[in-house]
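Computation of the quantities below employed the complete heavy-atom set of this structure, encompassing side-chain atoms and omitting hydrogens, waters and symmetry-equivalent molecules. Lettering follows sequence order; numbering is per chain, from 1.
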Protein chains: 2
Amino acid sequence: VRMAELSRTTGVPVATVKYYLREGLLPPGTSMGPNQADYGDDHTRRLRLIRVLREVGELGIAQVRQVLEAIDTEEVSLHNVLGQAHHALGPTREPNVVSEELQQAKADIDRFIADRGWRVSAEAPARWTLAESLLALRRLCGAEGPEIFTPYAEVADRIAAAEVSSGPEVASRAETVEWMVIGTVVYEAALSALRRLAQEHHSALQFGRAIDQDHGRSPR
Amino acid sequence: VRMAELSRTTGVPVATVKYYLREGLLPPGTSMGPNQADYGDDHTRRLRLIRVLREVGELGIAQVRQVLEAIDTEEVSLHNVLGQAHHALGPTREPNVVSEELQQAKADIDRFIADRGWRVSAEAPARWTLAESLLALRRLCGAEGPEIFTPYAEVADRIAAAEVSSGPEVASRAETVEWMVIGTVVYEAALSALRRLAQEHHSALQFGRAIDQDHGRSPR
């Protein structure tokens, strides 16, 4: 199809498509003469993926490039692509300065993950994110062990098991990897949003009387 | 205590403390003479909170200011503070341009939330985040109803119920609100990190044979 139709079916403006082509995020189409090129299904799928990463994942161009490179490197195994994509997906990243107490928190998290029997790369950036969360809780609430994360880990385990097994049945390598990346970005955003909504709901239940009074209604 | 000790106990550099004072994020200490001021427990707690928002929540100064203003506005009810804090905590925000299909997704999400019986403000920005996630899935995978979020909603409900009821038993209004904000930021980061780790683990289980082959070992 021509660029105009590619833009229409994906909802990405022509100027943005041209920008992605210049940046090499999108491979060039098949030349059909001067200033004319033909784009196929691969282009449509790639553009949709970029759009999700940009809009839902709120990734910058450099991060999008990293994720796409992980997807496109054929010699990387499916499982390692997921790790590389996670790496690129941020904001989980290794801190610049590692204080002694952060190092201690990281060691506690590593033990926590090992105790759960999770097979996770030693370099997974999410380990540092968790360590920083643990350290923040320690600073704020005093001594806390990584066990405070146990209920969250159980929930995460259940969700991830369902997600990994629910990928498309028959799929090319590229499709499977795209599915994983999309799942990470879209459902992470959805889960965070749902948690906030549920918090608001339970806060309404718990402090509901005060809310009704705020609005001048009689408490139930 | 003096500024040097405030800096030491909170781990925030003196230059940064001064910056927060200039920006009004931290109230001035009690003057003890020219270039000398005394800081109390409120300052310590506030500084720790700012640090969590900056480092774990990755918020900008303007967002931190918004969250602190929500906390400090005494006439706002506890429940509404949570809503305001969520609003400031981003990246959940209303989109600039609302397309017709996003409007449709938003309507579907509103119905989904109403069907669950959740008491949630009509303006909650997380509604838009969810609508964008739903729209992304629709573009990528074809027609999807909001029911695909049901397992995530159930998990979010369970987590939020535990979180809201686990706040400090006897606490001032300021402490309760701080607890909620910290819970939102720290556990959101922790949950996202744990989900990625669990994904990696389940991906290893599912594609484990391929991984072992990658490393030249014989498959089990």
Side-chain angles (χ1 to χ4, degrees), chain A residues 48 52 55-56 58 77-80 82-83 86 91-92 113 118-121 124 126 129-130 132-133 136-137 139-140 149 151-153 155-157 159-165 182 184 186-207 210-211 214, chain B residues 48 52 55-56 58 77-80 82-83 86 91-92 113 118-121 124 126 129-130 132-133 136-137 139-140 149 151-153 155-157 159-165 182 184 186-207 210-211 214:
Chain A
R48 287 197 170 126
V52 168
E55 293 182 8
V56 182
E58 302 193 326
S77 77
L78 268 186
H79 173 64
N80 288 339
L82 186 69
H86 279 178
T92 48
I113 290 169
W118 281 2
R119 288 171 62 176
V120 171
S121 145
T129 308
L130 261 188
E132 285 182 336
S133 297
L137 290 174
R139 286 200 189 113
L140 291 158
F149 292 136
Y152 296 88
V155 156
D157 192 61
I159 290 177
E163 284 171 342
V164 169
S165 65
I182 289 163
T184 298
V186 175
Y187 287 106
E188 186 163 303
L191 182 58
S192 294
L194 282 164
R195 175 167 164 267
R196 289 185 184 196
L197 293 170
Q199 273 189 334
E200 191 175 328
H201 166 60
H202 284 284
S203 153
L205 293 184
Q206 182 142 334
F207 306 113
I211 297 166
D214 278 355
Chain B
R48 287 197 170 126
V52 168
E55 293 182 8
V56 181
E58 303 193 324
S77 77
L78 267 185
H79 173 65
N80 288 338
L82 186 68
H86 279 177
T92 47
I113 290 170
W118 281 2
R119 287 171 60 178
V120 170
S121 146
T129 309
L130 261 188
E132 285 181 337
S133 297
L137 290 174
R139 286 199 190 116
L140 291 158
F149 292 136
Y152 296 88
V155 156
D157 191 63
I159 291 178
E163 283 170 343
V164 169
S165 64
I182 289 162
T184 297
V186 175
Y187 287 105
E188 186 162 303
L191 182 57
S192 293
L194 282 164
R195 176 168 164 269
R196 289 185 184 197
L197 293 170
Q199 273 189 335
E200 192 175 328
H201 166 59
H202 284 283
S203 154
L205 292 184
Q206 182 142 334
F207 306 113
I211 297 166
D214 278 354

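- The two atoms that bring A:Ala160 and B:Arg195 nearest to each other are CB-O, 4.3 Å, heavy atoms only.
- Shortest non-hydrogen contact noted between B:Ala156 and A:Ala198 is O-CB, 3.6 Å.
- A distance-only check finds a donor-acceptor pair linking the side chain of A:Glu200 to the backbone of B:Ser121 [under 3.5 Å].
- Ranked by heavy-atom pairs shorter than 4.5 Å toward chain B, the options A:Leu191, A:Leu197, A:Val155 are led by A:Leu197.
- Only the side chain of B:Val56 comes within less than 4.5 Å of a heavy atom in chain A; its backbone stays farther off.
- Taking every heavy atom of both residues into account, A:Ser133 and B:Ala190 meet most closely at OG-N, 3.8 Å.
- Of the listed residues (B:Val52, B:Ile159, B:Ile113), the greatest number of heavy-atom pairs within a distance under 4.5 Å of chain A belongs to B:Ile159.
- Between B:Asp157 and A:His201 the shortest side-chain heavy-atom distance falls below 4.5 Å.
- Taking every heavy atom of both residues into account, A:Leu194 and B:Phe149 meet most closely at CD1-O, 4.0 Å.
- One distance of note links CD of B:Gln199 with CH2 of A:Trp118; it measures 10.5 Å at 0.5 Å rounding.
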